[in-house]
Amino acid sequence: MNYELSRKQMVDQQIIRRGVSDPGVLAAMQKVPRHLFVQEALQYRAYDDNPLPIGEAQTISQPYIVALMSQNLNIKGGEKVLEIGTGSGYQAAVLAEMGAKVFTIERVEKLYHNSRKLLEELKYHDIAVKLGDGTIGWAEHAPYDRIIVTAGAPEVPKAYWDQLAEGGRIAIPVGDVHVQSLVLVDKVEGQQVKSEVCGCVFVPLIGKYGWQTNGQ
Ligand code: SAH
């Protein structure tokens, strides 16, 4: 399979055609080898227009939603970004390619080990990966210019607001366990400015300030 060509088709047909235009997002998604972030048996489907299982009942997001969230983070380079839900590590790699300094947290040990190893192999030295409950954030490296949550939350955990820099933005799916709305929360002169991007479907954010267990 010609993965580079598949990537170009993914970027053209799924991302540019749907209106994502940030050159940094498009270049990053053209570059990151998405097929290496899925299990070998599914690699031939890595550039399809849908999410894919990555084991442990979790998924790598659809390419378009990765592009849309990345564009909404408005990364110019040099921003400190906290990601909750490392999963395969793909979204973190895309943000790193855009020039962000990424801190990412995963709660499932196996996914944490896999993604950490892969990101190391691919020489993403600017990504710090942590095992733990991301609903409390990662206070040690705060404040963050951006916080991206790639799992669906019942509400915005307070720690994210506390750990967000002035002028910063949180992108988070908020809703019930089945369907959410992609919400942006900006910190403008210390005040919350909220907007909604679109409907979306993510696996649940499970933790102290998220859902208690899968589906509850
Ligand atoms: N960004 C990922 C998509 C991951 S799916 C990618 O590019 O592949 C969401 C991930 O969030 C899952 O791996 C799940 O285990 C993780 N997750 C759910 N609740 C979490 C929490 N409280 N802290 C950290 N990770 C969490």
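Counting starts at 1 for both ligands and their atoms, following the listed order.
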Which atoms of ligand 1 sit under 4.0 Å from any heavy atom of [X]?
X	value
I60	8 (O)
L111	13 (O)
V108	15 (O)
G134	21 (C), 22 (N), 23 (N), 24 (C)
I105	24 (C), 25 (N)

For this session: For a side-chain contact (heavy atoms from CB on, under 4.5 Å) with P173, tell me which candidate from S181, C198, C200 qualifies.
Result: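 Running side-chain contact (heavy atoms from CB on, under 4.5 Å) over S181, C198, C200 with P173 returns exactly one hit, C200.
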Tell me the protein heavy atom at minimum distance from [atom], and give that distance in Å.
atom	result
atom 9 (C) of ligand 1	T150 O, 3.3 Å
atom 18 (C) of ligand 1	P204 O, 3.5 Å
atom 26 (C) of ligand 1	R107 CG, 3.6 Å
atom 15 (O) of ligand 1	E106 OE2, 2.6 Å
atom 7 (O) of ligand 1	Q91 N, 3.0 Å
atom 12 (C) of ligand 1	Q58 OE1, 3.3 Å
atom 11 (O) of ligand 1	G85 CA, 3.1 Å

Quick one: does [X] get a heavy atom under 4.0 Å from ligand 1?
X	value
E83	yes
T86	yes
G132	yes

Exercise. With a cut-off of under 6.0 Å to the ring centre and 45° to the axis, is K101 in cation-pi contact with F103?
Worked result: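 Yes, cation above the ring, under 6.0 Å and within 45°.
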For this session: Assess R107 against Y112: is NZ or CZ under 6.0 Å from the centre of the six-membered ring, and within 45 degrees of the ring's axis?
Result: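 That pair does not qualify as a cation-pi contact.
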Problem set entry | Trace of the salt bridge (Lys or Arg N to Asp or Glu O under 4.0 Å) decision for R18 with D49 | CA-CA 12 Å; R18 291 199 181 104; D49 193 10; 2.6 Å; yes
For this session: Measure V203 to ligand 1 on non-hydrogen atoms and call it side chain, backbone, both or neither using the 4.0 Å cut-off.
Result: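 The part of V203 near ligand 1 is the side chain, not the backbone.
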Can you confirm, on distance only, whether ligand 1 has an N/O atom lying under 3.5 Å from any N/O atom belonging to [X]?
X	result
S61	no
I206	yes
I84	no

What about [X] and [Y], same hydrophobic cluster or not, with Ile/Leu/Val/Met/Phe/Trp/Tyr joined at side-chain heavy-atom distances under 4.5 Å?
X	Y	result
V81	I136	no
I147	V174	yes
I206	V179	no

Problem set entry | The one among L95, V149, T135, T59 that brings a heavy atom closest to atom 4 (C) of ligand 1 |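 Result: the heavy atom closest to atom 4 (C) of ligand 1 is in T59.
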Exercise. Considering G152, P51, S88, G87, which one's heavy-atom position lies nearest to atom 8 (O) of ligand 1?
Worked result: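 Answer by nearest heavy atom: S88.
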Less than 4.0 Å between a side-chain N and a carboxylate O, is that true for [Y] and [X]?
X	Y	answer
K187	E166	no
D145	K80	no
E4	K8	no

Problem set entry | Qualifying salt bridge (Lys or Arg N to Asp or Glu O under 4.0 Å) pairs with a residue from residues 62-79, counting only residues at least two apart or across chains |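 Residue pairs passing salt bridge (Lys or Arg N to Asp or Glu O under 4.0 Å), neighbours aside: none found.
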Exercise. Are the side chains of Y90 and M29 in touch, meaning some heavy atoms are under 4.5 Å apart?
Worked result: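 Yes; the side chains approach each other to less than 4.5 Å.
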Exercise. Is there a side chain to side chain contact (heavy atoms under 4.5 Å, CB included) between V66 and Q62 once you walk through the steps?
Worked result: CA-CA 7 Å; V66 173; Q62 178 192 19; over 6 Å; no
